[in-house]
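What follows is one structure encoded as structure tokens, with my remarks underneath.
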Amino acid sequence: MKTAYIQVNTQGNSDLIDITDQLEDIIRREKVTDGIIFLNVIGSTAAITTMEYESGLIKDVRTVLDRLFPHREDYAHNFTWNDDNGHSHLRSSFLKTNFFVPVTGGKLDLGTWQQVVLIDCDTRPRNRKVVVKILT
Ligand code: ZN
């Protein structure tokens, strides 16, 4: 098994960043033709998912996250740590921080309109690290 990392700077506050190209670079560099890539974004206020990465859906994802997990003061987590990001942790927990992507014929086996996207749910800019485990 091989390990690689992707690092991205985010603006926080539901910043959505397409990391598909960086994953494809790793596959090329490591000469993966068939296998499975396991991804995990490190941290409890970020998430990864797949989506069609276009401006309308980026807005829609932000709107839905605000509706489902609004930025409110009264989450118990905020009282525990005198923090302001209870909603950020909830978004991460429910969206999840990891998944598998199959690699077939040297390419990520994803749909044409299916990108791998990191969502930074925290309330401030962050440097995020995604660990990539390559199983061949
Ligand atoms: Zn917190």
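Numbering of ligands and ligand atoms starts at 1, following listing order.
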_Residues D84, H71; criterion side-chain hydrogen bond (donor to acceptor under 3.5 Å, both in side chains); working and verdict_ = CA-CA 8 Å; D84 72 338; H71 189 174; 4.6 Å; no
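- Looking at R91 and D66, a side-chain N of the basic residue comes within less than 4.0 Å of a carboxylate O on the acidic one, giving a salt bridge.
- With 3.5 Å as the limit, one finds a donor-acceptor pair spanning the side chains of N127 and N9.
- Put simply, the side chain of T20 gets close to the backbone of V116: a donor and an acceptor are under 3.5 Å apart.
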Contacts under 3.5 angstrom, residues 29-41 side chains, donor-acceptor by atom type, not counting sequence neighbours:
{"unit_1": "N40", "atom_1": "OD1", "unit_2": "T97", "atom_2": "OG1", "d": "2.9"}
{"unit_1": "N40", "atom_1": "OD1", "unit_2": "N98", "atom_2": "ND2", "d": "3.2"}

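- Exactly one of R126, R62, K129, R128 qualifies for a salt bridge (Lys or Arg N to Asp or Glu O under 4.0 Å) with D120. That residue is R128.
- The tally of protein N/O/S atoms under 2.8 Å from the Zn ion (ligand 1) stands at 4.
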